[in-house]
**Student:** 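Got a structure for you, written out below as structure tokens; questions coming shortly.
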Amino acid sequence: MKLSCATSIVFAAASVAANLARRLPDPGPDGKYTLTAPGIRAKFIPYAATLTNLFVKDKFGIERDVVLGYDNASYYPVDPEHPVYNEVPGRYANRIGNGSFTLDGVTYHLAKNDGPNTLHSGPNNWSTRFWNLTDLTNSSITFSIYDPANSTGMPGHVEANVTYFLEKNKWNIKMEAISPDTRTPIMLTQHTYFNLDAFANPSTNKIWNHTLQLPHSHRNLAIDGNALPTGEIVNISRNSIYDFWSAPRPLGFATARADFANSCGSTCNGYNGQWLLDSDTPKDDVVAKLSSNWNGISAELRTNQAGIILYTCYWMDGLILMKSTQGLVGASKNVTSSSCIAIEAQDWVDGINHPEWGRLNKQIFGPGQKYEWEGSWTFGLV
Ligand SMILES: *[C@@H]1O[C@H](CO)[C@@H](O)[C@H](O)[C@H]1NC(C)=O
Ligand SMILES: *[C@@H]1O[C@H](CO)[C@@H](O)[C@H](O)[C@H]1NC(C)=O
Ligand SMILES: *[C@@H]1O[C@H](CO)[C@@H](O)[C@H](O)[C@H]1NC(C)=O
Ligand SMILES: *[C@@H]1O[C@H](CO)[C@@H](O)[C@H](O)[C@H]1NC(C)=O
Ligand SMILES: *[C@@H]1O[C@H](CO)[C@@H](O)[C@H](O)[C@H]1NC(C)=O
Ligand SMILES: *[C@@H]1O[C@H](CO)[C@@H](O)[C@H](O)[C@H]1NC(C)=O
Ligand SMILES: *[C@@H]1O[C@H](CO)[C@@H](O)[C@H](O)[C@H]1NC(C)=O
Ligand SMILES: *[C@@H]1O[C@H](CO)[C@@H](O)[C@H](O)[C@H]1NC(C)=O
Ligand SMILES: *[C@@H]1O[C@H](CO)[C@@H](O)[C@H](O)[C@H]1NC(C)=O
Ligand SMILES: *[C@@H]1O[C@H](CO)[C@@H](O)[C@H](O)[C@H]1NC(C)=O
């Protein structure tokens, strides 16, 4: 009796798995899953929970692919050193100072993969793993990951789901994660790289003439030469090189200033740091607005996260090619330094090493708790 019961459970489980597998279609001929809603079309792959393409119309009525990535879906895993191209790094995004942290009396040491620090959890990070496709509708897609204990040197296993869903002109993102067994750091982001011109602006392929406004960011985190927060919280004064609160500004408004040099770390010109959201930021307000002065496309970020990272692609080495949906006929297809911007909403970078910031309850999760990230990008014309 016991045996046959167990056997039927196994059969039931197998048939549920088979149904699930049957219910979820294969990707399209390009190896990608395509979702559509009025005014927006997007493509995704399970590898790293990646957004590969995002099409919206510009003021000329032309559809532009406004995010970076590869045409070839199979190429992402072949090139593990690729930028975190619209992927979900984890389980702890961005930098961990000295690759170590102490939790509940135990000091953990991770692999240092970014100078003296750990970036995006180091080797075997979530942005180089094959996630599972676990749900798919015409307008939504869900990817899931089971991250075993110690996979990147952190305690306990973590389970996470990332759901992307489209509405009219809008890309929504929802992430949930749990650590059922033990307390561990969890901090995620959607690491989205934009060039709203899709590299088709004949006057520039750089990002400096995109306009940015961060209306609720009056403070940022000071960084050292390796772009690691020093711990200092800076009030951003009006007209400083970090001031995107007082007015919308071209991203390159300060490029000629002396203090712009090395502003994203040693020998790095541009931005690579975190702007904090004011504590009185109204829920659901736009916290970042990026737009192209050339084709009029605007992108507005809303998020439940407490900060926004900007990285203006200084380290793009010119050896990666843009997609066939991007660029100008006859022009170079190479993605060059300062030709894009990554915008990443997340909690305060390296907060696990700065208890004085009071972020531990937003970055350490254990049994009975749930990590929740929500955000959206709304597209329009300026
Ligand atoms: C896509 O990338 C894979 C892995 O590098 C390669 O085998 C394949 O030939 C590529 N396909 C195309 C069409 O370039
Ligand atoms: C930095 O990490 C190393 C191990 O990688 C450790 O020996 C050292 O104590 C750490 N330093 C600090 C200041 O935490
Ligand atoms: C993520 O892990 C891969 C595979 O171990 C590694 O090659 C890559 O450098 C890591 N990415 C980052 C951003 O550290
Ligand atoms: C999804 O789109 C296909 C093709 O347009 C259609 O046949 C199908 O009914 C749609 N499914 C849902 C759940 O809307
Ligand atoms: C994908 O699902 C399989 C079957 O449930 C599981 O063994 C595997 O660990 C999952 N992979 C990831 C990355 O979560
Ligand atoms: C975690 O993994 C590292 C690297 O594989 C290994 O050196 C270490 O012993 C592991 N720690 C535990 C507690 O399993
Ligand atoms: C992920 O989704 C599955 C299926 O809906 C659900 O059972 C699980 O609880 C979810 N996990 C998290 C961490 O939200
Ligand atoms: C930053 O501004 C706040 C509020 O205006 C003020 O209380 C704080 O002292 C300032 N911090 C620094 C370092 O100037
Ligand atoms: C930047 O945009 C302004 C319009 O806002 C335009 O006048 C100027 O020519 C543009 N510069 C470049 C280099 O495209
Ligand atoms: C452009 O990228 C390709 C592919 O990596 C590379 O072979 C070529 O040398 C690059 N061209 C320039 C001018 O850097």
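Atom set for the values below is all heavy atoms of this structure, side chains included, hydrogens, waters and symmetry mates excluded. Residue indices begin at 1 and follow the sequence shown. Just follow the structure's listing: the first ligand is 1, and inside any ligand the first atom is 1.
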**Student:** To the closest 0.5 Å, what do you measure between CZ (Arg64) and CG (Asp58)?
**Tutor:**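 Interatomic distance, Arg64 CZ to Asp58 CG, rounded to 0.5 Å: 4.5 Å.
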**Student:** Need the ligand 7 atom indices (1-based, order shown) with element for anything under 4.0 Å from a heavy-atom of Glu159.
**Tutor:**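 Answer, ordered by atom number: 13 (C).
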**Student:** Please check this pair: side chain of Trp245 against backbone of Ile236, looking for a donor-acceptor N/O pair closer than 3.5 Å.
**Tutor:**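 The answer is yes, because a donor-acceptor pair under 3.5 Å joins these two groups.
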**Student:** Should you measure from each heavy atom of Val78, which atoms of ligand 1 turn up under 4.0 Å away?
**Tutor:**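 Every atom of ligand 1 under 4.0 Å from some heavy atom of Val78: 4 (C), 5 (O).
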**Student:** State whether the side chain of Asn262 and the backbone N or O of Asn269 hold a donor-acceptor pair below 3.5 Å, judged by distance alone.
**Tutor:**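 No; zero donor-acceptor contacts below 3.5 Å.
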**Student:** Kindly confirm or rule out a cation-pi arrangement of Arg249 over Phe244, judged by NZ or CZ under 6.0 Å from the six-membered ring centre and within 45° of its axis?
**Tutor:**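 Judged by the rule (NZ or CZ under 6.0 Å from the ring centre, within 45° of its axis), Arg249 is not positioned above Phe244.
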**Student:** With hydrogens left out, which residues have an atom under 4.0 Å from ligand 10, given that only heavy atoms count?
**Tutor:**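 Around ligand 10, where the cutoff is 4.0 Å for heavy atoms, the contacting residues are Gly318, Leu319, Leu321, Asn334.
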**Student:** Is there a donor-acceptor contact under 3.5 Å from the side chain of Gln274 to the main chain of Asp347?
**Tutor:**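 Side chain of Gln274 to backbone of Asp347: a pair is present.
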**Student:** Please confirm whether Ser144 comes within less than 3.5 Å of ligand 7 when only nitrogen or oxygen atoms on both sides are compared.
**Tutor:**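 It does not: no N or O of Ser144 is found under 3.5 Å from an N or O of ligand 7.
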**Student:** Identify, by atom number and element, the atoms of ligand 7 in contact range of Lys370, meaning under 4.0 Å from any of its heavy atoms.
**Tutor:**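 Selected atoms, number and element: 14 (O).
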**Student:** If the plane angle is over 60° it's perpendicular, under 30° parallel, otherwise tilted; pick one for His157 and Tyr146.
**Tutor:**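 Taking Tyr146 first and then His157, their aromatic rings lie parallel (interplane angle under 30°).
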**Student:** Decide yes or no on side-chain hydrogen bond (donor to acceptor under 3.5 Å, both in side chains) for Thr152 and Ser121, but give the supporting numbers first.
**Tutor:** CA-CA 6 Å; Thr152 59; Ser121 304; 4.9 Å; no
**Student:** Please work out whether the ring planes of Phe260 and Trp208 are parallel, tilted or perpendicular, with thresholds of 30° and 60°.
**Tutor:**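 Correct class here is perpendicular.
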**Student:** Tell me whether Ser74 has any N or O atom under 3.5 angstrom from an N or O of ligand 1.
**Tutor:**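 Looking only at distances, the answer is no, because the N/O contact criterion of under 3.5 Å is not met.
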